[in-house]
Amino acid sequence: QAQLAQSGGGLVQAGGSLRLSCAASGAIFSINAWGWYRQAPGKQRELVAGITSDGSTNYADSVKGRFTISRDNAKNLAYLRMNSLKPEDTAVYYCNADVDSGSSDYDSGIYWGKGTLVTVSS
């Protein structure tokens with residue numbers, strides 16, 4: 001089975017930057033797509049950024065121009081670089097990966113990280 005491990009959350013002042021990391025391990029042949037989601041208190045979980053197998057990206061309107069999703073296919077890593085952070089970016093951030101295990105012995109499908117808290121102070 002695949003696992004996703006997250007790191008990089010923390011407390012930052014408004015206008016600052018953070019980089020979140022997500023490391024996939026286990027039964028992985030390829031990762032077809034990565035996504036970063038966030039959930040603020042009392043709100044629905046929303047897609048922040050995604051990157052597909054062909055390298056195309058998409059972003060929520062609220063983060064366009066400030067956040068950048070990237071991946072390192074050789075290392076099964078994904079990143080979310082967050083610049084010009086605002087208090088409204090405060091949320092738990094989750095990474096997500098569409099995993100092809102490459103084997104019938106292991107499950108392919110969507111895997112989620114456990115989330116990391118990003119707090120942006122004003």
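Position 1 is the first residue of the sequence; numbering continues from there.
The minimum heavy-atom distance linking Ala27 with Val99 is given by the pair O-CG1, 3.9 Å. The minimum heavy-atom distance between Asp89 and Ser84, with the atom names listed, is OD2-O, 4.4 Å. The minimum heavy-atom distance between Pro87 and Ala14, with the atom names listed, is CD-CB, 4.1 Å. Considering all non-hydrogen atoms of both residues, Ile31 and Ala97 come closest at CG2-CB, 4.0 Å. Scanning all heavy atoms of the two residues, the minimum distance from Ile28 to Ala2 falls at CG1-CB, 4.1 Å. In terms of heavy atoms, Tyr111 sits closest to Asp107 at OH-O, 2.9 Å.
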Practice problem: Evaluate the side chain to side chain contact (heavy atoms under 4.5 Å, CB included) criterion for residues Arg38 and Leu80: first the C-alpha distance (whole Å), next the side-chain angles of each, then the deciding distance (0.1 Å), finally the verdict. | Solution: CA-CA 12 Å; Arg38 69 185 181 189; Leu80 184 69; over 6 Å; no
Exercise. Go through the steps for Arg66 and Met82 under the test side chain to side chain contact (heavy atoms under 4.5 Å, CB included), then give the verdict.
Key: CA-CA 6 Å; Arg66 299 188 297 120; Met82 304 182 292; over 6 Å; no
Exercise. Apply the test side chain to side chain contact (heavy atoms under 4.5 Å, CB included) to residues Asn58 and Leu47: give CA-CA distance (whole Å), side-chain angles for both, the deciding distance (0.1 Å), then the verdict.
Key: CA-CA 9 Å; Asn58 63 284; Leu47 176 67; 3.4 Å; yes
Quiz prompt | Pair Lys64-Asp61, salt bridge (Lys or Arg N to Asp or Glu O under 4.0 Å): steps then yes or no | solution = CA-CA 5 Å; Lys64 285 181 179 177; Asp61 288 342; 3.1 Å; yes
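The shortest distance between side-chain heavy atoms of Asn32 and Ser30 falls below 4.5 Å. With contacts defined as side-chain heavy-atom distances shorter than 4.5 Å, the pair Ile69/Val48 does not qualify.
For Gln3, the CD atom sits in a loose shell: 12 or fewer heavy atoms of surrounding residues, nucleotides or ligands are nearer than 6.0 Å. A 6.0 Å sphere centred on OH of Tyr106 holds no more than 12 heavy atoms belonging to other residues, nucleotides or ligands.
In terms of modelled atom types and a separation under 3.5 Å, the side chain of Gln6 and the main chain of Gly115 share a donor-acceptor contact. One N or O on the side chain of Thr90 and one on the backbone of Val120 form a donor-acceptor pair closer than 3.5 Å. Side-chain atoms of Arg71 never come within 3.5 Å of backbone atoms of Ala33 as a donor-acceptor pair (strictly under, hydrogens ignored).
Note: the hydrophobic cluster containing Val63 also contains Val118 (ILVMFWY, side chain heavy atoms under 4.5 Å, direct or indirect links). Hydrophobic clustering (side-chain heavy atoms under 4.5 Å, transitive across Ile, Leu, Val, Met, Phe, Trp, Tyr) groups Trp112 together with Val92.
Here the CD atom belonging to Gln13 is positioned 8.0 Å from the OG atom belonging to Ser122, to the nearest 0.5 angstrom. Here the straight-line distance linking atom CZ of Phe29 with atom OG of Ser103 works out to 11.0 Å at 0.5 Å rounding. For the atom pair Lys114 NZ and Cys22 SG, the distance stands at 12.5 Å (nearest 0.5 Å). Here the straight-line distance linking atom CG of Asn96 with atom CG of Asp98 works out to 8.0 Å at 0.5 Å rounding. Taking CD from Gln1 and CG from Asp105, the interatomic distance works out to 10.5 Å, rounded to the nearest 0.5 Å.
Of the options Tyr79, Tyr94, Phe67, Trp36, a side chain to side chain contact (heavy atoms under 4.5 Å, CB included) to Leu20 is made by Trp36 and by none of the others.
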